[in-house]
*Asks:* 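Sharing a structure, written as structure tokens. Questions coming.
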Amino acid sequence: MTIPTTALPPFDEDASFHLTTPPHADWTLGVNQPAPESHGETLVIDPTQMAKPDCYKMLISSVVPRPIALVSTVDPATGVVNVAPYSYFNVVCHDPPTLMVSVNYGRTGMKDTLRNILATSEFVVNTMSEHYVESANHSTTNYPPDVSELEPSGLTTTPATEVRPPLVAESAVSFECRVKHVNILHNKDGRPTAGVVLGEVIKAHVKKGVWKEEQGVVDMKEFRPLGRLGGVMYGRVSSGFELPRPLVQKP
């Protein structure tokens, strides 16, 4: 259930990404870190015995936070630009640089994003940040294929350099992608339910003020990325901590 905004504190625009110490900075090798007593006993859930809406709620509230790809594609027949956000998304390889986006089928079948990707083998992944989340979220509206989400969402575009779909100009980081593989998933009844798309990144676009050139990374304070949580919730990244990877000394 969505909580009325009148019952919530205002959004803290001044919150800025910062580093803290790890949660247990004094942890030592071999020391157990048990689950809190408030977690109670472990339940066993069989997804095959759940109604599809319940399985959906369980998964998206458990696998969090999920990064968001605001995917732009082009209908090759009409030239209409489609823009839609997907949180079944992640990076899967850096050599070659490859992103994964899973586009679930809608109530009426294949979504415009997947249809356009299959027809053109091209798409752009635009990252989402706090400064334009309401515009990006509006692109989830179920407009017909011949209507672009751009204008009603208040989004603007700039041309890509290698692919036909444009970049979302408001995005801090965008990736031009060419399709390497598409796997159509089917449910137990044999009905197609999702298209898992692997796209190789052929060009990356990063706003100059977001790019830390010396380190070769994006600046989290400027990036202000968002992730999806359960229901219609978004999560922000306002703090982090560093944990070096341990090395085992060889004898």
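As the structure is a computational prediction, the values presented were derived from the model and not from experiment. All heavy atoms count here, side chains included; hydrogens, waters and symmetry mates do not.
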*Asks:* Which atom pairs, one a donor and one an acceptor, fall under 3.5 Å between side chains of residues 209-228 and the rest of the protein, sequence neighbours left out?
*Replies:*
{"residue": "Asp219", "atom": "OD1", "partner": "Lys221", "partner atom": "N", "Å": "2.9"}
{"residue": "Arg224", "atom": "NE", "partner": "Glu130", "partner atom": "OE1", "Å": "2.9"}
{"residue": "Arg224", "atom": "NH1", "partner": "Ala15", "partner atom": "O", "Å": "3.2"}
{"residue": "Arg224", "atom": "NH2", "partner": "Glu13", "partner atom": "O", "Å": "3.2"}
{"residue": "Arg224", "atom": "NH2", "partner": "Ala15", "partner atom": "O", "Å": "2.9"}
{"residue": "Arg224", "atom": "NH2", "partner": "Glu130", "partner atom": "OE1", "Å": "3.1"}
{"residue": "Arg228", "atom": "NE", "partner": "Met233", "partner atom": "O", "Å": "3.1"}
{"residue": "Arg228", "atom": "NH2", "partner": "Gly231", "partner atom": "O", "Å": "2.4"}

*Asks:* Could you grab the distance from atom CE of Met50 to atom OH of Tyr56, nearest 0.5 Å is fine?
*Replies:* 13.5 Å
*Asks:* Would you say Tyr143 and Ser148 make side-chain contact, with heavy atoms under 4.5 Å?
*Replies:* no
*Asks:* How close do Ala160 and Pro165 get, heavy atom to heavy atom, and via which atoms?
*Replies:* CB-O, 3.3 Å
*Asks:* Using 0.5 Å steps for rounding, measure from the CG atom of Asn142 to the CZ atom of Arg107.
*Replies:* 9.0 Å
*Asks:* Is there a path from Tyr86 to Leu118 through hydrophobic residues (I, L, V, M, F, W, Y) whose side chains come within less than 4.5 Å of each other?
*Replies:* yes
*Asks:* Linking I/L/V/M/F/W/Y whenever their side-chain heavy atoms sit closer than 4.5 Å, directly or via other members, would Val179 and Val91 fall into one cluster?
*Replies:* yes
*Asks:* How close do Pro152 and His138 get, counting heavy atoms only, and between which atoms?
*Replies:* O-CD2, 3.7 Å
*Asks:* Looking at Met128 and Ala136, what are the two nearest heavy atoms and their distance?
*Replies:* CE-CB, 3.7 Å
*Asks:* Is the shortest heavy-atom distance from the side chain of Asn137 to the side chain of Pro85 under 4.5 Å?
*Replies:* no
*Asks:* Main chain of Pro96, side chain of Thr98: is a donor-acceptor contact present, judged purely on distance under 3.5 Å?
*Replies:* yes
*Asks:* Indicate yes or no for a side-chain donor-acceptor contact from Ser61 to the backbone of Met58 under 3.5 Å, with no hydrogens or angles considered.
*Replies:* yes
*Asks:* Check the pair Ile184, Tyr105 against side chain to side chain contact (heavy atoms under 4.5 Å, CB included), reporting the backbone distance first and the verdict last.
*Replies:* CA-CA 10 Å; Ile184 303 298; Tyr105 281 51; 3.9 Å; yes
*Asks:* With rounding to the nearest 0.5 angstrom, report the CZ to CG distance, Arg191 to Leu185.
*Replies:* 12.0 Å
*Asks:* Treating Ser121 as the side-chain partner and Arg178 as the backbone partner, does any N or O pair qualify as donor plus acceptor under 3.5 Å?
*Replies:* no
*Asks:* Taking all heavy atoms of Ala172 and all of Thr127, pick out the closest pair and write down the distance.
*Replies:* N-OG1, 4.0 Å
*Asks:* Minimum heavy-atom separation for Leu243 and Phe241, please, with both atom names.
*Replies:* CD1-CE1, 3.9 Å
*Asks:* If you group Ile, Leu, Val, Met, Phe, Trp and Tyr by side-chain heavy-atom gaps below 4.5 Å, do Val125 and Leu70 land in one group?
*Replies:* no
*Asks:* Any heavy-atom pair between the side chains of Phe175 and Pro97 that's under 4.5 Å?
*Replies:* no
*Asks:* With a 3.5 Å cut-off and no angle check, do the side chains of Ser153 and Ser135 form a donor-acceptor pair?
*Replies:* no
*Asks:* At what distance, to the nearest 0.5 angstrom, does CG of Leu229 lie from OG of Ser62?
*Replies:* 11.5 Å
*Asks:* Do Val163 and Val71 share a hydrophobic cluster (ILVMFWY, side-chain heavy atoms under 4.5 Å, transitive)?
*Replies:* no
*Asks:* Under 3.5 Å, sequence neighbours excluded: what are the donor-acceptor pairs made by side chains of residues 72-82?
*Replies:*
{"residue": "Ser72", "atom": "OG", "partner": "Asn126", "partner atom": "ND2", "Å": "3.3"}
{"residue": "Ser72", "atom": "OG", "partner": "Pro166", "partner atom": "O", "Å": "2.7"}
{"residue": "Thr73", "atom": "OG1", "partner": "Asn116", "partner atom": "ND2", "Å": "3.0"}
{"residue": "Asp75", "atom": "OD1", "partner": "Ala77", "partner atom": "N", "Å": "2.9"}
{"residue": "Asp75", "atom": "OD1", "partner": "Thr78", "partner atom": "N", "Å": "3.4"}
{"residue": "Thr78", "atom": "OG1", "partner": "Val80", "partner atom": "N", "Å": "3.3"}
{"residue": "Asn82", "atom": "OD1", "partner": "Thr113", "partner atom": "OG1", "Å": "3.0"}
{"residue": "Asn82", "atom": "ND2", "partner": "Glu149", "partner atom": "OE1", "Å": "3.4"}
{"residue": "Asn82", "atom": "ND2", "partner": "Glu149", "partner atom": "OE2", "Å": "3.0"}

*Asks:* Between CE of Met100 and SG of Cys177, what distance do you get to the nearest 0.5 Å?
*Replies:* 12.0 Å
*Asks:* Taking the side chain as every heavy atom from C-beta outward, state whether Tyr88 and Arg66 have any atom pair closer than 4.5 Å.
*Replies:* yes
*Asks:* For the OG1 atom of Thr161 and the NZ atom of Lys203, what is their distance to the nearest 0.5 Å?
*Replies:* 5.0 Å
*Asks:* Quick one: which residue pairs count as a side chain to side chain donor-acceptor pair (under 3.5 Å) with a foot in residues 14-28, not counting sequence neighbours?
*Replies:* His24-Gln33
*Asks:* Treat each ILVMFWY residue as a node, draw an edge where side-chain heavy atoms are under 4.5 Å apart, and state whether Ile202 and Val168 are in one component.
*Replies:* no
*Asks:* So do Arg236 and Val133 actually touch side chain to side chain, heavy atoms under 4.5 Å?
*Replies:* no
*Asks:* So, do Phe123 and Leu99 sit near enough that their side-chain heavy atoms are less than 4.5 Å apart?
*Replies:* no
*Asks:* I'd like to know if Arg164 and Glu122 make a salt bridge, using a cut-off of under 4.0 Å between side-chain N and carboxylate O.
*Replies:* no
